[in-house]
Amino acid sequence: MMPESVAAGRIALSIVVVIIAGTIAFALLNLKRGRVDPAEYAIGGRSFGTIFLWVLLAGEIYTAFTFLGAAGWIYLHGAAAYYIPAYGAIGYLVGYALLPRIRRLGAERGLVTAPDLLANYYRSPRLGVLAAILYVVLALPYVTLQLTGLQIVLSSAGYGWLNGAIGAAVAFTAIAMFTFTAGLRGTAWASLVKDGLVLAVVLFAGVAIPIHFFGSLGGMFAQLQRTNPALLTLRSGDAPLGQVWFVTTVLFTGIGFYMGPHSIAATFSARSDNTLRRNAMLLPLYSIVLVVIFFAGYAALLLVPGLHGHAADRSFLLVIARYYPPWVMGFVAGAGALAALVPSSALILASAAIAVRNIVRPAFPGRIDTRHETLAMRLAVIAISAAALLAWWLARETLGSLLLVYYSGITQFLPGVVGAAFGLRLRGISVTLGLAAGVITAALLTYVLAHLGFNPGLGGLIVNLAVVAIVETLSPKTKTSPPMADSSFEAPTTD
Amino acid sequence: MNSWRPRALRIAIALLPVLAFAVGTPLLNRVEPQILGIPLNLAWIILWILLTPLCLLAIERLRRSQR
């Protein structure tokens, strides 16, 4: 090992450690003292205003994937990566119509988790349990994705001096303990720091780097037209990552944008419907961050050419390592580490609340009362974090493709969630069977028939909707009152 | 029944960005003409990222004026 790289690694990693520790300390100092009930722990007591929601609803969706995956996609696939800001903008439109209705149901009926919503509205504890298991299982690849991002960031900041995997495990353990203590309010404070730092780093990387090396954005694109002209446009027709793939993926991922368990939890944390509507108008600006990342990805392609597969996820960090001093790497890696850790915290927290309220409590009725529910959630945070870490050691994949697997799965919740939000009189059994059929189809299309020219989750959603329609038509007409009875009823998981 | 018209207008405005991103991008899948040095397809994405909040603002104004 060259002594120079050891010195550089020490400088960069010290900055990363200070950033992570400082963010955790800042978030902990801002916490309320006193007893924490489950709703305060998991959804901030339904009290969050515009700023917290902005960082929770956008910042927690654009993660370390924003940093590395989007630049890596540009590097490998060029224009195909434009699907990311495109689906985001469609997601915000859907959110504008959908989220205020979900929040209202949550506040009226005391819902805390996404499966709470389904189980309560469709009066089907069975649906609640199925949804809960699926959510927790699907959350795992998303968290492992963050762990891989963290490992890449830390090993880059270490200049080969630190084992990134061990560093990632240590940082992840720290954030699990932080989540155990802080709950969603702490996560929101940490998210605030994270988004500020990410914004600064992204502007540097996407604007300053192209101007520094190519004179202007135009200069960079002119050079790309000479060296990599095919990357600047989408491939035609139904080629892999071609135009058909683009259209189906943008639409499918856009409508599923807010189906993640942490997004529904963030929706329940909102103070009012108007807070959510105002957010939907402000959130598209976050997509600009992604475009700036694209510039960084293109710059990396010209500056450090020849990377393949997983290595492309490091392209942009290689530029920093090669051309900038270690302290710049420290700030970039610090922002990247937070972009992996803070969304992990939100997702683990949502999964823990789901595991306790929708899996453990129905399995042992009457054993966990409200006083012990917060403690049970804290313990579930530790258990799920440990499971994610274990899953990560066993299986890893390229960042972008893993995100597609996650989205194909969670978007199967769309019929049930939209039905509840818009007061449709669907039966629990049809939503349950549709969900199961949709997830199975999406998984088969993703893993068995890989490299399709269209989005595999969309195939799952079509099967899902067909099953809902068929079961609705076949099931006997009963005289039960519609699920949208105007008097609120107790959540089925409430003792 | 008198509310269907503004509602249809709101839905129509909401469909603009959806069509622009999902259908417009593959149609404008070209590098030339470049806008401020940025290839046409990427410039189109940037334009609609900036226009989407304005569409939502218009929808919100319509919603409020109905109340």
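Owing to the predicted nature of the structure, the values given are computational and were not obtained by experimental measurement. Order of the sequence lines sets the chain letters (A, B, ...), proteins ahead of strands, with each chain counted from 1.
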Peer 1: At a 4.5 Å cut-off on heavy atoms, which part of A:Val291 comes close to chain B: side chain, backbone, both, or neither?
Peer 2: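 Only the side chain of A:Val291 comes within 4.5 Å of chain B.
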
Peer 1: Parallel under 30°, tilted from 30 to 60°, perpendicular over 60°: which one fits the rings of A:Tyr92 and A:Phe257?
Peer 2: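 Ring orientation of A:Tyr92 relative to A:Phe257: perpendicular.
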
Peer 1: List, one per line, each side-chain donor-acceptor pair under 3.5 Å for residues 54-62 of chain B, sequence neighbours excluded.
Peer 2:
unit_1	atom_1	unit_2	atom_2	d
B:Glu60	OE1	A:Tyr96	OH	2.5
B:Glu60	OE1	B:Arg63	NE	3.3
B:Glu60	OE2	B:Arg63	NH2	3.2
B:Glu60	OE2	B:Arg64	NE	2.7
B:Glu60	OE2	B:Arg64	NH2	3.0

Peer 1: Closer than 3.5 angstrom, by distance alone: can the side chain of A:Asn279 be matched with the main-chain N or O of A:Thr50 as a donor-acceptor pair?
Peer 2: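 Yes, because the side chain of A:Asn279 sits within donor-acceptor range (under 3.5 Å) of the backbone of A:Thr50.
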
Peer 1: Output the option from A:Leu232, A:Val250, A:Val94 having the highest count of non-hydrogen pairs under 4.5 Å with chain B.
Peer 2: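 When all of A:Leu232, A:Val250, A:Val94 are compared, A:Leu232 has the most.
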
Peer 1: So what's closer than 4.5 Å to chain B heavy atoms on A:Ala89: side chain, backbone, both or neither?
Peer 2: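 Looking at A:Ala89, backbone and side chain both touch chain B.
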
Peer 1: When A:Tyr83 is tested against each of A:Trp73, A:Phe246, A:Phe294, A:Phe252 for ring-ring contact (aromatic ring centres under 6.0 Å, His included), which residue passes?
Peer 2: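 For A:Tyr83, the ring-ring contact (aromatic ring centres under 6.0 Å, His included) test succeeds with only one of A:Trp73, A:Phe246, A:Phe294, A:Phe252, which is A:Trp73.
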
Peer 1: What part of A:Leu234 lies closer than 4.5 angstrom to a heavy atom of chain B: side chain, backbone, both or neither?
Peer 2: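 Its backbone and side chain both get close to chain B.
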
Peer 1: So which of B:Ile38, B:Asn41, B:Leu50 has the biggest tally of heavy-atom pairs under 4.5 Å with chain A?
Peer 2: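 Counting heavy-atom pairs under 4.5 Å, the top option is B:Asn41.
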
Peer 1: Using atom types as modelled, flag every donor-acceptor pair under 3.5 Å from a side chain in residues 204-224 of chain A to any protein atom, sequence neighbours excluded.
Peer 2:
unit_1	atom_1	unit_2	atom_2	d
A:His212	ND1	A:Tyr324	OH	3.1
A:Ser216	OG	A:Gly218	N	3.4
A:Ser216	OG	A:Gly219	N	3.0

Peer 1: Using non-hydrogen atoms and a 4.5 Å limit, figure out which bit of B:Leu42 sits close to chain A: side chain, backbone, both or neither.
Peer 2: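 Contact with chain A involves both backbone and side-chain atoms of B:Leu42.
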
